[in-house]
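To start, the structure under review is shown below, and the notes come after it.
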2 protein chains.
Amino acid sequence: MHLSRRIEPLYRELAAVLREELQRMSPGDYLPGELQLAARFAVNRHTLRRAVDELVLEGRLLRRQGKGTQVLAKPLIYPVEAGSAYSQSLSALGHRVEARLIERIRRPGSGEECRHLQLADGSELLELATLRLLDGQPMSLIRHRFCASLAPLLADYQGGSLRQYLGQRDLPLARTFSLIGARLPSREEAAHLLMPRHVPLLSVLTLSRDPAGRAVELAQSSSRADRFQYQVAT
Amino acid sequence: MHLSRRIEPLYRELAAVLREELQRMSPGDYLPGELQLAARFAVNRHTLRRAVDELVLEGRLLRRQGKGTQVLAKPLIYPVEAGSAYSQSLSALGHRVEARLIERIRRPGSGEECRHLQLADGSELLELATLRLLDGQPMSLIRHRFCASLAPLLADYQGGSLRQYLGQRDLPLARTFSLIGARLPSREEAAHLLMPRHVPLLSVLTLSRDPAGRAVELAQSSSRADRFQYQVAT
DNA sequence: GGCGATTTGTCCGTATGTATC
DNA sequence: AGATACATACGGACAAATCGC
């Protein structure tokens, strides 16, 4: 049925055409519907979808069921000072920083978590999950874990800088070490961060201590690697 | 035709089942064929393929046309001190470290490279590319860039620890800063590192200075994020 | 809020191409 | 050359999310 032996599969040729056309579109624009595009290229809708899959995987398009497929902006990279608090270094650069609390749960800690926090194995932890936005764009997810005894102190936290919140309540924190890795996002993480599945997350595990040296917070931040770099000064 | 409203799409449920079953298989094992698996779960082959797609994207499976679909090894993660020399921290832990020189070229530096190295714009650079292996497994690619005037000093380098080589020639180096990011490998990088395209690289740009404070080496290391984490102590 | 219309998401069926052994 | 495996492409159907009326 195929007219000639193509060197490239059809869906990849389509992807190349679309990729080229995207450059003449503006971020935020919507692609024509799938049926419409499939008709234009005279291919089956599945073949067109497969082509669009490629561009979604490359981070160029965002698909939303019921709405359409949108052209994404080319990402900027924000270098973040690894040593300082999350919000400070960026807002100092004139960026608008937001932190939204998206989850607050109590649960028993894993062995490793309790070890880091110097708690007895299986101690109850308070976990807060926050979504960080930079200039309105979702950038990072952070899971903060505290000993559950700190729950009263954190009861009023609803968003904004967590470091500042704790500092105002006489619990200033300082980082003691960080473990930096990278991985692909889970489906939930990708959904929260409005990002494609294939773009890596830069993942940083940090342990923070109070002035007396007690381990207080174990935080796991996961940031879009296409928008973030961590800078470590020595 | 659907029996009930599923919370998760079928292909994701299948993926979860397969992911679980993979843990009882050994690296190198082949999955049963797609038709066979589809029959076992009583789904269409496309639906099964979609489930396997998920696991391939997660880096758990390797598909090869005509051969089959193979279980990949669960990677070990080596924490590496970000501040110290590459070889030292790992060989101290009892790992076998190798460095192979794979390229040596002279070329004009880009604006950014020259700026970091405090050279005039367009100055000639010497670039060495090394492949690092840990316990026989390729782990990292490093591109070292020096001012070309150092070429005589580096003429004899053929592999092994570069820091040690320079230290023995009265040019000890110390890191001044690191910029850490993550990205997916290029086709070439994936080939050198014998890794799948969808596993992220942890990428670290470091500038090193000699005891007099002169910027000497700009190094860009790219390490398999499924095997490496960087540890930063503060 | 309800109700279509539109758009993307999932699933099935079938056929054929291509790589490997 | 034949068998088997994955890859691509076509087709149809319905589900689920979104939006406007």
Side-chain angles (χ1 to χ4, degrees), chain A residues 1-18 22 25 28-57 59-72 187-188 190-192 194-198, chain B residues 1-18 22 25 28-57 60-72 196-198:
Chain A
M1 185 54 57
H2 304 107
L3 302 174
S4 66
R5 267 214 276 206
R6 247 180 280 93
I7 296 148
E8 282 250 77
L10 181 51
Y11 75 89
R12 264 196 266 168
E13 284 188 5
L14 280 182
V17 173
L18 288 172
L22 288 192
M25 298 180 64
D29 287 355
Y30 281 91
L31 237 56
E34 294 175 349
L35 285 172
Q36 198 175 329
L37 276 177
R40 184 185 135 203
F41 292 115
V43 299
N44 188 274
R45 180 178 158 230
H46 293 306
T47 306
L48 179 98
R49 263 181 80 76
R50 184 75 178 76
V52 172
D53 282 347
E54 294 287 297
L55 304 181
V56 170
L57 277 176
R60 303 176 132 91
L61 294 175
L62 174 66
R63 270 204 285 223
R64 273 177 295 180
Q65 187 171 359
K67 294 199 70 165
T69 302
Q70 208 169 10
V71 180
L72 290 178
R187 182 171 298 278
E188 292 76 16
H192 276 303
L194 291 181
M195 65 186 291
R197 286 292 300 277
H198 83 287
Chain B
M1 188 48 59
H2 304 109
L3 302 175
S4 66
R5 269 215 277 203
R6 244 179 280 94
I7 297 149
E8 282 246 84
L10 182 51
Y11 75 88
R12 260 189 268 166
E13 284 187 5
L14 281 182
V17 173
L18 288 171
L22 289 191
M25 299 181 64
D29 287 356
Y30 280 91
L31 235 56
E34 294 175 350
L35 284 174
Q36 199 174 328
L37 277 177
R40 185 186 133 202
F41 293 115
V43 299
N44 188 273
R45 185 178 154 233
H46 291 307
T47 305
L48 179 99
R49 262 181 80 76
R50 186 76 180 74
V52 172
D53 283 348
E54 293 288 297
L55 304 181
V56 170
L57 273 176
R60 302 177 135 90
L61 294 175
L62 176 65
R63 267 205 286 223
R64 273 177 296 181
Q65 187 172 0
K67 296 198 69 165
T69 301
Q70 209 168 10
V71 180
L72 290 176
R197 285 295 298 279
H198 46 267

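Summary of helix geometry: the two end axes of the helix from dG2(C)-dC21(D) to dC21(C)-dG2(D), each defined by five base pairs via their C1' atoms, are inclined to each other by 10° (rounded to 10°).
Going from atom CG of Leu10(A) over to atom P of dA7(D) covers 17 Å, rounded to whole Å. Remark: C1' of dT8(D) and CD of Glu54(A) are 12 Å apart, rounded to the nearest angstrom. In this structure, Gln70(B) places its CD atom 11 Å from P of dC21(C), rounding to the nearest Å. Atom CD in Glu13(A) sits about 19 Å away from atom P in dA7(D), given to the nearest Å. In this structure, Glu8(B) places its CD atom 19 Å from P of dA15(D), rounding to the nearest Å. Counting to the nearest Å, the C1' atom of dC12(C) and the CG atom of Leu14(B) are 13 Å from each other. Atom pair Leu61(A):CG and dG9(C):P shows a separation of 11 Å (rounding to whole Å applied). Summarising the geometry, the separation between CG on Leu48(A) and P on dT8(D) is reported as 16 Å, rounded to the nearest angstrom.
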Expected rows: protein N/O vs nucleotides 6-8 of chain C N/O, under 3.5 Å:
unit_1	atom_1	unit_2	atom_2	d
dT7(C)	O2	Gly66(A)	N	3.4
dT8(C)	OP2	Glu34(A)	N	2.8

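Candidate nucleotides dC12(C), dA9(D), dT10(C) were compared by shortest atom distance to the side chain of Arg12(B), and dT10(C) ranks first. Taking only side-chain atoms of Val43(A), from C-beta outward, the nucleotide of dT10(C), dC11(C), dC10(D) with the closest atom is dC10(D).
At a cut-off of 3.5 angstrom, counting only N and O atoms as typed in the model, there is no donor on one side facing an acceptor on the other between the side-chain of His46(B) and the base of dA7(D).
At dG13(C), one or more side-chain N or O atoms of Asn44(B) fall inside 4.0 Å of OP1 or OP2 (strictly under the cut-off).
Considering only residues two or more places apart in sequence or on other chains, Arg63(B) meets the salt bridge (Lys or Arg N to Asp or Glu O under 4.0 Å) condition with Glu34(B), Asp53(B). Legend: residues meeting side chain to side chain donor-acceptor pair (under 3.5 Å) with Glu54(A), ordered by chain and number and at least two apart, are Arg50(A). Applying the side chain to side chain donor-acceptor pair (under 3.5 Å) criterion to Asp29(A), with sequence neighbours excluded, gives no partner residue. Scanning for side chain to side chain contact (heavy atoms under 4.5 Å, CB included) contacts around Tyr30(A) gives Arg64(A), Lys67(A), Gln70(A), with sequence neighbours left out.
Interatomic distance, CG of Leu72(B) versus CE of Met25(B), reported as 11.5 Å (0.5 Å rounding). Taking CZ of Arg49(B) as the start and CG of Leu37(B) as the end, the distance is 12.5 Å to the nearest 0.5 Å. With rounding to the nearest 0.5 Å, the separation of CD in Glu13(A) from OG1 in Thr47(A) is 12.0 Å.
Closest of all the heavy-atom pairs between Ala15(A) and Leu55(A) is O-CD2, 3.9 Å.
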